[in-house]
Amino acid sequence: MDKLKEYYLSLGIDEKVYDYCSSMEDKLKERFDAIDKVAEQNQVKVIKAMQENRFAENHLHGSTGYGYTDEGRDTLEKIYADIFHTEDALVRQQITCGTHALTVALFGNLRPGDEILSVAGKVYDTLEGVIGVRPERGSLAEYGVTFKQVDLLPDGSWDYDGIKNAINEKTKLIEIQRSKGYDVRPTLSVAQIGDIIKFIKDIKSDVICMVDNCYGEFVDVIEPSDVGADMVVGSLIKNIGGGIAPIGGYICGTKECVANAATRLTTPGLGKEVGASMSATRQFAQGLFLAPTVTAAALKGAIFAANVYEGLGFKAVPNATEKRHDIIQAVELGTPELICAFCEGIQSAAPVDSYVTPVPWAMPGYDSEVIMAAGAFTSGSSIELSADAPLKEPYAVYFQGGLTYQHAKFGIMMSLQKIVDKNLIVW
Ligand SMILES: *Cc1c(COP(=O)(O)O)cnc(C)c1O
């Protein structure tokens with residue numbers, strides 16, 4: 001028996017589980033090679049931006065207090081702008097999460113009487129509160145900003161007529177959510193996003209096209225800002241923080257959009273000038289440097305998972321062979337027992353908190369119990385290996401991340417092992 005296999009067996013993986021998973025992995029070499037090529041191009045893109053902006057040792061040290069003339073922070077923002085090919089960028093530790101980044105972008109760029117149009121249907125759950133689709137204290141709705149949405153057509157394509165009809169004199173900002181989040185629609189490709197931006201700009205050229213880029217960064221060699229988006233927004237504890245950023249969010253876009261957002265994040269008059277980086281610049285920069293390969297690892301893990309579970313007869317979304325546009329993998333397991341066993345397996349493979357057993361709980365803001373598995377170095381980081389599932393039909397588990405492919409693979413093997421241990425599948 002080979003040494004690696006022996007090692008896995010000593011970790012509690014059955015021979016049958018190991019052999020089955022290995023046979024699945026063997027089929028994936030070509031796809032993994034293609035992912036490595038994307039990572040290579042993005043790696044070089046990141047390094048080039050760092051070099052061209054003369055990123056330097058003294059930029060790593062950070063500032064305190066007001067943070068005036070924080071060269072490291074300002075240089076990192078230029079690097080982000082170069083990577084996204086935008087005029088400017090706001091990359092800050094004062095942005096607490098992805099929802100906050102989107103909130104800053106929206107509030108900064110909208111005024112009473114303006115309307116938001118979402119062209120890919122329902123927005124991410126937390127954004128519903130921000131916009132006021134779900135009544136919430138301080139929402140945009142309270143400030144007189146209205147909202148419309150046009151769903152994708154049943155086949156996942158744009159509803160061009162619906163979008164054309166929905167655009168009116170009040171329409172100020174188009175919201176395009178790249179990743180499906182917890183929705184059932186497909187994730188959008190960058191090319192698809194480019195198509196709709198062109199269509200919209202032909203109808204109304206001065207409308208702001210904003211892309212919620214969460215989970216999408218570095219999955220492709222281009223970003224939505226390369227195909228016309230005025231603003232791209234995301235979280236640093238997902239792909240682009242590379243697992244190293246402990247907090248933060250970014251907004252890349254036109255000078256005007258970024259200045260408006262910065263004014264909302266800090267104050268009118270101060271904008272981007274203040275906001276101490278403390279010790280974050282080193283972590284943001286190192287995370288950005290690692291992000292292309294970390295994203296590649298997460299993608300490989302997702303594809304491996306889709307193949308393992310589809311091979312056992314479960315529905316994987318995206319399926320085992322389709323092209324990826326984000327790092328999220330859903331698997332419809334169909335029963336609460338399978339969901340819990342899967343999550344136990346992911347947890348037991350973690351570097352942190354591996355000994356705890358995840359259990360479903362009534363988490364605020366959800367309409368059913370939710371189970372979450374994560375043993376992350378950064379709390380809540382979903383570029384690290386994690387899984388979560390609402391305990392309701394169709395009993396789908398959402399799986400994402402893995403700072404290394406090897407860890408993601410181990411997690412998936414453990415998830416299957418727990419299912420086998422509990423006799424939840426027949427094979
Ligand atoms: C994660 C996510 C968000 C919100 O990010 P948080 O950091 O959880 O606030 C918004 N949109 C999409 C599509 C996401 O995946």
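Counting starts at 1 for both ligands and their atoms, following the listed order. What you see is a predicted model, and the numbers here were worked out from it, not measured in a lab.
Applying the ring pair (Phe, Tyr, Trp, His ring centres under 6.0 Å) definition to pairs two or more places apart or across chains, none involves residues 214-244.
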Query raised in the report: Given the rule in the salt bridge (Lys or Arg N to Asp or Glu O under 4.0 Å) test, do Asp33 and Lys29 qualify, once you have shown the distances and angles that lead to the verdict?
Result: CA-CA 6 Å; Asp33 285 348; Lys29 195 167 174 337; 3.3 Å; yes
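Under a cutoff of 6.0 Å and an axis angle of 45°, Lys238 and Tyr124 form a cation-pi pair.
Rounding to the nearest 0.5 Å gives a distance of 8.5 Å between CD of Gln329 and CD1 of Ile303.
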Enumerate the pairs of nitrogen or oxygen atoms, one from ligand 1 and one from the protein, separated by less than 3.5 angstrom; state names and distance to 0.1 Å.
residue, atom, partner, partner atom, Å
ligand 1, 5 (O), Lys238, NZ, 3.4
ligand 1, 7 (O), Gly98, N, 2.8
ligand 1, 9 (O), Gly98, N, 3.4
ligand 1, 9 (O), Thr99, N, 2.8
ligand 1, 9 (O), Thr99, OG1, 2.5
ligand 1, 11 (N), Asp212, OD1, 3.4
ligand 1, 11 (N), Asp212, OD2, 2.6
ligand 1, 15 (O), Lys238, NZ, 3.0

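The aromatic rings of Phe32 and Tyr405 stand perpendicular to each other, their planes meeting at an angle above 60°, with 30° marking the opposite boundary.
When all heavy atoms are compared, the tightest approach of Val221 to Asn42 is CA-OD1, 3.8 Å.
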